[in-house]
2 protein chains.
Amino acid sequence: MTAATRSTIAELAAQLRPSLLRLTRMIRNQRADTSVTLTQISTMATLRKRGPMSAGELAACERVQPPSMTKILAHLEERGFVRRKPHPSDRRQAIISITEAGNALYDSEQRSREAWLTQRLGALTGEERAQLRAVVPLLDRLAEH
Amino acid sequence: MTAATRSTIAELAAQLRPSLLRLTRMIRNQRADTSVTLTQISTMATLRKRGPMSAGELAACERVQPPSMTKILAHLEERGFVRRKPHPSDRRQAIISITEAGNALYDSEQRSREAWLTQRLGALTGEERAQLRAVVPLLDRLAEH
DNA sequence: TATTGTTATACTCTATAACTATA
DNA sequence: TATAGTTATAGAGTATAACAATA
């Protein structure tokens, strides 16, 4: 890799960081439903997509530390959106899964046409949305441990 | 727009949100320099790119409320990374600009090859980075007011 | 001993409401 | 009165350190 290439990559990083930050800020605030936060929705999405798992695994998926996941799960469990089942062989762990109510809440969030980000995406062209769609796996790879 | 298209857009939103959230989380934490936060760096980047402006304009650029910008600027000014000059005709406002020290800090941040995101981006292919580069303006448009 | 998860604690980020100074 | 910015206050988000339970 040439020095010029490295410098270009650093520049991309410098462009990407503020843009990600500002968009995430907007998404957090524009959320319509106030009973669950973006962080909590993200955790529910992971449970839906990857199925039941332990608190530690969830924390790893969400890129938060275990104590943060403890808090997220306490909130969701209190409202009946997730449940815990004992692990079959390890009593330290519990297997967390999303409940009917959690799925329903998630669906209504996702389907809502008024959802801010969905509206915003609708203002882009199909090709621009395709570009974004292609980039989602890259964002996930960047966020890997 | 068909119902199927709308549903696809909602799905994209649902994929994009957690991915943005998790990557932003990682970026916030992996930051090497502890004297300025991601939020503060982003504000300095805006001052560099768009030139001196008032606190209110900066808040709008950064998509934060004015009191949040007050705090950000207090921190940066205290450390000498930005300075205020009186507005020529309106004594309520001050014009904020980045200082030499602020530019130097920003440069060292951006150039650092060890910077976490830069390293991560280096692990992608050139084409993948080009995809990300193309998407930055879209992220900015999504975050517009 | 090592691992899983929780509790205790604290700091960052950010907002809303109320206020001050100036226009 | 309206606008620009700050102060006061509070809640969300997240981390590290210390602890408890189990493996």
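Letters A, B, ... are given to chains in the order of the sequence lines, protein chains preceding strands, and every chain is numbered from 1.
- End-to-end axis angle of the helix from C:dT1-D:dA23 to C:dA23-D:dT1, from C1' rotation axes over five pairs per end: 10° (rounded to 10 degrees).
- Side chain of B:Thr37, nearest nucleotide from D:dG13, C:dT12, D:dG5: C:dT12.
- Judged as a salt bridge (Lys or Arg N to Asp or Glu O under 4.0 Å), and not counting sequence neighbours, the contacts of A:Arg48 are A:Asp107.
- Under the salt bridge (Lys or Arg N to Asp or Glu O under 4.0 Å) criterion, the residue pairs touching residues 54-75 of chain A are A:Glu62-B:Arg22, A:Glu62-B:Arg25, with sequence neighbours excluded.
- Without hydrogens or angle criteria, A:His145 side chain to A:Ala60 main chain gives a donor-acceptor distance under 3.5 Å.
- Residue B:Thr39 places no side-chain N or O under 4.0 Å from the OP1 or OP2 atom of C:dT12.
- At whole-Å resolution of the value, CZ in A:Arg28 and C1' in D:dA12 are 8 Å apart.
- In this structure, the CD atom of A:Gln93 is 9 Å from the C1' atom of C:dT3, given to the nearest Å.
- Whole-Å rounding puts the B:Ile95 CD1 to D:dA4 P distance at 12 Å.
- The interatomic distance linking A:His87 (NE2) with C:dT4 (P) rounds to 10 Å, in whole Å.
- When the C1' atom of C:dC13 is taken as reference, atom CE of A:Met26 falls 16 Å away, rounded to whole Å.
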Heavy atoms under 4.0 Å is the rule here; annotate nucleotides 15-23 of chain D 5' to 3' with B where the base is hit, S where only the sugar-phosphate is, and - elsewhere. BBB---BBS
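- Ranked by how close their nearest DNA chain D nucleotide is to the 5' end, B:Ser54 and A:Gln40 are led by B:Ser54.
- Going from atom CD of A:Glu62 over to atom P of D:dG13 covers 12 Å, rounded to whole Å.
- Between the CE atom of B:Met69 and the C1' atom of C:dT16 there is a distance of 17 Å, rounded to whole Å.
- Residues B:Arg6 and B:Ile9 are not in side-chain contact: their nearest non-hydrogen atoms beyond the backbone lie 4.5 Å or more apart.
- Evaluation of the side chain to side chain donor-acceptor pair (under 3.5 Å) rule for B:Arg141 yields A:Glu128 as partners, not counting sequence neighbours.
- Nearer to the 5' terminus of DNA chain C, by closest-nucleotide assignment, is the contact made by A:Leu73 (compared with the other of A:Leu73 and A:Leu21).
- Interatomic distance, CG of A:Leu124 versus CZ of A:Arg129, reported as 6.5 Å (0.5 Å rounding).
- A:Thr5 contributes no side-chain N or O that, together with a main-chain N or O of A:Met1, makes up a donor-acceptor pair within less than 3.5 Å.
- With B:Leu23 as the fixed residue, the side chain to side chain contact (heavy atoms under 4.5 Å, CB included) test singles out one of B:Leu21, B:Leu20, B:Ile27: B:Ile27.
- For the pair A:Arg84 CZ and C:dT4 P, the interatomic distance rounds to 16 Å; values are reported in whole Å.
- Under the side-chain contact (heavy atoms from CB on, under 4.5 Å) criterion, A:Ala94 pairs with A:Arg84, not counting sequence neighbours.
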